[in-house]
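Step one of this worksheet: look at the structure below.
Just so you know, these numbers use all the heavy atoms, side chains as well, and skip hydrogens, waters and symmetry mates. Here is the naming used below: chain letters follow the sequence lines, and residue numbers restart at 1 for every chain.
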Amino acid sequence: MLLDKSFFERDTLTVAQQLIGCHLVRRIDDQIIRVAITETEAYKGSEDPASHASRGVTERNRLMFGDAGIMYVYFIYGMHCCMNIVAHRPNEVGAVLLRGGEVVEGIGLIRANRGEGIADHLLLNGPGKLAKALGINLEWNGYDLLQETHNSIWLEYKEPIRPIRSTPRIGISKAVDLPWRYLYE
DNA sequence: TTCTCGATATTCT
DNA sequence: GAATATCGAGAAA
């Protein structure tokens with residue numbers, strides 16, 4: 001089942017949790033990469049000090065203030081892209097960072113994007129790695145995941161296959177006590 | 001296994 | 001000019 005707008009127009013924390021287990025599918029020409037999402041983080045509201053949105057609208061973060069279901073991709077540490085999905089209640093602010101996944105289909109294409117000789121469990125265990133494995137770069141910023149023609153990337157709902165837990169978020173220095181990271185036990 | 005550290009560019013102060 | 005929603009290599013253990 002494809003995820004629709006009502007899925008993303010909910011509380012950012014709820015969406016982050018519900019995305020665990022869902023399949024992220026990428027089509028390149030006639031080849032398919034299918035990844036099960038295993039780790040997410042919520043960046044909710046303009047008052048979350050760890051969020052890009054905490055200092056108001058800027059050229060980079062403006063999508064977080066806009067429609068839910070849009071991809072928000074940003075460049076970080078001079079070399080990596082991170083892939084988010086805008087998700088929040090109407091007229092609110094927030095996005096979910098996709099931090100990790102496991103391969104369901106398309107291992108060959110993933111290795112081609114990530115480099116040969118990488119152990120399976122290291123292919124998708126980080127936001128920069130996930131984006132690179134799927135061939136996601138800054139050109140994807142603003143892509144509408146809800147559009148009718150799901151030609152190149154889309155999301156399908158799946159039940160989680162294991163219990164989910166929450167922990168503090170990774171790589172931040174502010175609001176480190178908020179347990180807004182979700183992943184499998 | 002856990003750690004430290006350098007690379008690198010965009011964004012914001 | 002400083003910080004950053006990271007990664008991988010290499011050392012220590």
Side-chain angles (χ1 to χ4, degrees), chain A residues 8 10-20 22 24 26 33 35 37-66 68-88 92-103 107 109-143 145 153 155 164-184:
Chain A
F8 295 106
R10 295 184 292 169
D11 184 86
T12 308
L13 303 186
T14 304
V15 177
Q17 188 171 100
Q18 294 267 317
L19 277 172
I20 300 292
C22 288
L24 180 60
R26 173 91 163 92
I33 296 174
V35 165
I37 297 170
T38 60
E39 181 180 346
T40 63
E41 281 178 3
Y43 288 86
K44 176 187 173 181
S46 51
E47 63 288 340
D48 170 10
S51 171
H52 290 166
S54 66
R55 288 177 296 274
V57 182
T58 67
E59 177 55 30
R60 175 173 67 167
N61 70 18
R62 62 189 166 81
L63 291 173
M64 291 182 72
F65 295 78
I70 303 290
M71 282 219 298
Y72 167 43
V73 183
Y74 63 86
F75 195 63
I76 190 71
Y77 291 117
M79 57 187 85
H80 303 294
C81 287
C82 291
M83 179 180 173
N84 301 250
I85 305 171
V86 178
H88 52 75
E92 294 187 0
V93 183
V96 176
L97 172 65
L98 304 184
R99 288 193 55 89
E102 49 192 42
V103 181
I107 182 79
L109 214 45
I110 289 174
R111 284 196 187 283
N113 287 335
R114 288 274 292 120
E116 304 299 325
I118 299 175
D120 285 5
H121 68 285
L122 298 177
L123 284 171
L124 302 173
N125 65 331
K129 301 179 187 181
L130 186 62
K132 188 173 181 191
L134 295 178
I136 299 300
N137 55 34
L138 282 179
E139 294 175 15
W140 291 83
N141 192 36
Y143 184 88
L145 288 164
I153 191 162
L155 285 153
I164 297 167
R165 70 189 162 107
S166 62
T167 76
R169 293 171 290 183
I170 301 296
I172 58 170
S173 57
K174 298 167 189 160
V176 292
D177 52 322
L178 294 175
W180 287 1
R181 174 185 183 225
Y182 298 93
L183 71 167
Y184 283 133

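- Distance, A:K44 NZ to C:dA5 C1': 18 Å, rounded to whole Å.
- Side-chain contact check for A:Y43 versus A:T12: every heavy-atom pair is 4.5 Å or farther apart.
- Counting only heavy atoms from C-beta outward, the side chains of A:R99 and A:L130 never approach each other to under 4.5 Å.
- Within residues 126-137 of chain A, no residue approaches DNA chain B, by heavy-atom distance under 4.0 Å.
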Could you list the donor-acceptor pairs under 3.5 angstrom formed by side chains in residues 76-88 of chain A, with sequence neighbours left out?
residue, atom, partner, partner atom, Å
A:N84, ND2, A:Y72, O, 3.1
A:H88, ND1, A:E92, O, 3.1
A:H88, NE2, A:G66, O, 2.7

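- A heavy atom closer than 4.0 Å to some atom of DNA chain C occurs in A:R114, these being the qualifying members of residues 110-119 of chain A.
- Looking at A:V103 and A:I110, their side chains come closer than 4.5 Å, going by heavy atoms from C-beta outward.
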Let me check something: any side-chain donor-acceptor pairs from residues 117-128 of chain A under 3.5 Å, sequence neighbours excluded? List them with distances.
residue, atom, partner, partner atom, Å
A:D120, OD1, A:R111, NH2, 2.5
A:N125, OD1, A:K129, NZ, 2.7

In 5'-to-3' order, the base (B), backbone-only (S) or no-contact (-) status of each nucleotide in nucleotides 7-13 of chain B, using a 4.0 angstrom heavy-atom cut-off, is BBBSSSS

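- Between the CG atom of A:L178 and the C1' atom of C:dA5 there is a distance of 14 Å, rounded to whole Å.
- For the strand DNA chain C, secondary-structure stems (runs of at least three Watson-Crick or G-U pairs, all distances below 3.5 Å) span B:1-7 with C:6-12, B:9-12 with C:1-4.
- Judged as a side chain to side chain donor-acceptor pair (under 3.5 Å), and not counting sequence neighbours, the contacts of A:T58 are A:N61.
- A search for side chain to side chain donor-acceptor pair (under 3.5 Å) contacts involving A:R114 returns nothing, not counting sequence neighbours.
- A sub-4.0 Å separation between OP1 or OP2 of C:dT4 and a side-chain N or O of A:S173 is present.
- Counting heavy atoms from C-beta on, the side chains of A:I153 and A:L24 come closer than 4.5 Å.
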Identify all side-chain donor-acceptor contacts of residues 166-178 of chain A below 3.5 Å with residues at least two apart in sequence or on another chain.
residue, atom, partner, partner atom, Å
A:T167, OG1, A:R181, NH1, 3.2
A:R169, NH1, A:A42, O, 2.9
A:R169, NH1, A:D48, OD2, 2.8
A:R169, NH2, A:D48, OD1, 3.1

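- Applying a 4.0 Å cut-off to non-hydrogen atoms, the residues of residues 164-172 of chain A that approach DNA chain C are A:I170, A:G171, A:I172, listed by residue number.
- Rounded to an integer number of Å, the gap from CG of A:L13 to C1' of C:dA5 is 15 Å.
- The shortest distance between side-chain heavy atoms of A:V73 and A:N137 does not fall below 4.5 Å.
- In this structure, A:M64 and A:S51 have side chains that are in contact, with non-hydrogen atoms separated by less than 4.5 Å.
- No side-chain heavy atom of A:L97 sits less than 4.5 Å from a side-chain heavy atom of A:T40.
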One pair to check against ring pair (Phe, Tyr, Trp, His ring centres under 6.0 Å): A:H52 and A:Y74. What are the steps and the verdict?
CA-CA 10 Å; A:H52 290 166; A:Y74 63 86; 4.6 Å; yes

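- Phosphate contact (OP1/OP2 of C:dA5, side-chain N/O of A:R181, threshold under 4.0 Å): absent.
- The side chain to side chain donor-acceptor pair (under 3.5 Å) search around A:E59 returns A:R62, not counting sequence neighbours.
- The shortest distance between side-chain heavy atoms of A:V35 and A:L134 falls below 4.5 Å.
- When rounded to the nearest whole Å, the span between CG of A:L97 and C1' of C:dT4 equals 13 Å.
- A:Y182 pairs by the side chain to side chain donor-acceptor pair (under 3.5 Å) definition with nothing, not counting sequence neighbours.
- Among the heavy atoms of the strands lying under 4.0 Å from A:M64 is at least one base atom, whether or not backbone atoms are also near.
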